[in-house]
Visitor: 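Pasting in a structure now, in structure tokens, and then I'll have a few things to ask.
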Amino acid sequence: MSASEKTIAIVYHSPYGHTAKVAHAIAQGVEQVGVKVTVMSIEQIDWVLLDQANAIVFGSPTYMGSITADFKRFMDSTSKRWKNRDWQGKLAAGFTNSGGLSGDKLSVLQQINLFAMQHGMLWTGLPLTPTGNSETDLNRLSSCLGLMTQSDNAPIDITPPIGDIHTAKWFGEYIALMLNKINH
Ligand SMILES: Cc1cc2nc3c(=O)[nH]c(=O)nc-3n(C[C@H](O)[C@H](O)[C@H](O)COP(=O)(O)O)c2cc1C
């Protein structure tokens with residue numbers, strides 16, 4: 001399969017739109033590399049596209065230090081694919097948005113990581129050295145396992161801040177570059 005035929009799916013839950021904004025920023029990064037990307041909410045899953053994707057990026061807001069109940073429901077709905085090993089060997093990555101600077105986001109990335117490992121997927125982290133911890137910095141929350149972003153209780157055009165959005169684009173670009181490197 002040539003690099004241009006490879007596809008990435010981004011699956012997210014986002015009741016208030018901030019995690020969705022991050023999902024679309026990741027997609028912009030993917031597109032910069034010329035890889036086809038589909039962004040889908042867990043409320044409207046295109047299972048055919050998802051099964052065909054060479055990489056899946058999973059995103060949930062942090063709720064009570066955990067993935068949301070709806071995102072867990074989505075995870076559980078993949079059990080037949082787990083049994084059939086349908087997603088084994090696909091690239092996987094995760095992201096979470098929360099209100100607190102920490103907010104226990106790490107727990108969410110660990111849950112998504114374990115879910116991907118259950119499926120036998122190949123995990124892609126975020127190897128981006130933080131440029132600082134201001135709102136314009138890249139990876140200001142210093143995450144390695146996946147992408148962490150933080151939003152205030154405010155409209156999505158102002159939060160998460162620009163540094164988080166740029167970090168999300170960097171993440172998407174990185175995942176697409178990694179996908180192009182492996183022989184699927
Ligand atoms: C029920 C509930 C639980 C939450 N728990 C946390 C939490 O544990 N840590 C945190 O930092 N923010 C927490 N938040 C804030 C959400 O993470 C934040 O509103 C969410 O990331 C916004 O994303 P969305 O716009 O995509 O829905 C919580 C919000 C709700 C509604």
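We count ligands from 1, going down the list as the structure has it; atoms in each ligand are counted the same way.
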Visitor: Using a strict cut-off of 4.0 Å, indicate which atoms of ligand 1 neighbour a heavy atom of G65.
Guide: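 Those atoms are 7 (C), 8 (O).
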Visitor: What protein heavy atom sits nearest atom 1 (C) of ligand 1, and how far away is it?
Guide: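 Looking only at protein heavy atoms, the one closest to atom 1 (C) of ligand 1 is Y63 CD2, 3.9 Å.
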Visitor: In Å and rounded to the nearest 0.5 Å, what is the CD1 to CE distance from I56 to M40?
Guide: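 One gets 8.0 Å once the value is rounded to the nearest 0.5 Å.
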Visitor: Examine the side chains of Q52 and N54 and answer whether a donor and an acceptor come within less than 3.5 Å of each other.
Guide: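 Side chains of Q52 and N54: no pair found under 3.5 Å.
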Visitor: Tell me, yes or no, whether the heavy-atom count around W123 atom CH2, taken from other residues, nucleotides or ligands under 6.0 Å, exceeds 12.
Guide: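 Result for CH2/W123: enclosed.
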Visitor: Any N or O of A20 that comes nearer than 3.5 Å to an N or O of ligand 1?
Guide: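 Looking only at distances, the answer is no, because the N/O contact criterion of under 3.5 Å is not met.
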Visitor: For M64, counting its heavy atoms only, list the atoms of ligand 1 lying under 4.0 Å from any of them.
Guide: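 Ligand 1 atoms under the 4.0 Å threshold to M64: 3 (C), 4 (C), 5 (N), 6 (C), 7 (C), 8 (O).
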Visitor: Take every heavy atom of N97, measure it against each atom of ligand 1, and state whether any distance is under 4.0 Å.
Guide: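 Distance cut 4.0 Å: N97 passes for ligand 1.
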Visitor: Out of K105, H18, H13, whose heavy atom is nearest to atom 25 (O) of ligand 1?
Guide: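 Shortest heavy-atom distance from atom 25 (O) of ligand 1: H18.
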Visitor: Nearest 0.5 Å please: distance from the CG atom of D46 over to the CG atom of L50.
Guide: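 D46 atom CG to L50 atom CG measures 8.0 Å (nearest 0.5 Å).
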Visitor: Please say whether S98 places an N or O atom under 3.5 Å from an N or O atom belonging to ligand 1.
Guide: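 Yes; at least one N/O pair falls below 3.5 Å.
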Visitor: Which ligand 1 atoms are under 4.0 Å away from a heavy-atom of G100?
Guide: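 Under 4.0 Å from G100, ligand 1 has these atoms: 10 (C), 11 (O).
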Visitor: Hey, what do you get for CG (D104) to CE (M64), rounding to the nearest 0.5 Å?
Guide: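 Reported to 0.5 Å precision, the distance equals 10.0 Å.
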Visitor: Give a yes-or-no answer on whether the side chains of D137 and T131 include a donor-acceptor pair shorter than 3.5 Å.
Guide: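 Their side chains do contain a donor-acceptor pair, which is all the 3.5 Å distance test asks for.
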Visitor: How about atom 19 (O) of ligand 1: does it have a protein heavy atom within less than 4.0 Å?
Guide: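 No, there is none.
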Visitor: Counting heavy atoms not belonging to D76, are there more than 12 under 6.0 Å from its CG?
Guide: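 Yes, enclosed.
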Visitor: Do ligand 1 and S151 have nitrogen or oxygen atoms that lie under 3.5 Å from each other?
Guide: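 No, S151 has no N/O under 3.5 Å of an N/O on ligand 1.
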Visitor: CG of L141 to CG of L106: how many Å apart, nearest 0.5 Å?
Guide: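 Interatomic distance, L141 CG to L106 CG, rounded to 0.5 Å: 12.0 Å.
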Visitor: Any nitrogen or oxygen of P15 lying under 3.5 Å from a nitrogen or oxygen in ligand 1? Just yes or no.
Guide: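 For ligand 1, there is an N or O atom that lies under 3.5 Å from one belonging to P15.
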Visitor: Counting heavy atoms only, which of V22, T62, V108 comes nearest to atom 16 (C) of ligand 1?
Guide: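 Ranked by closest heavy atom to atom 16 (C) of ligand 1, first place is T62.
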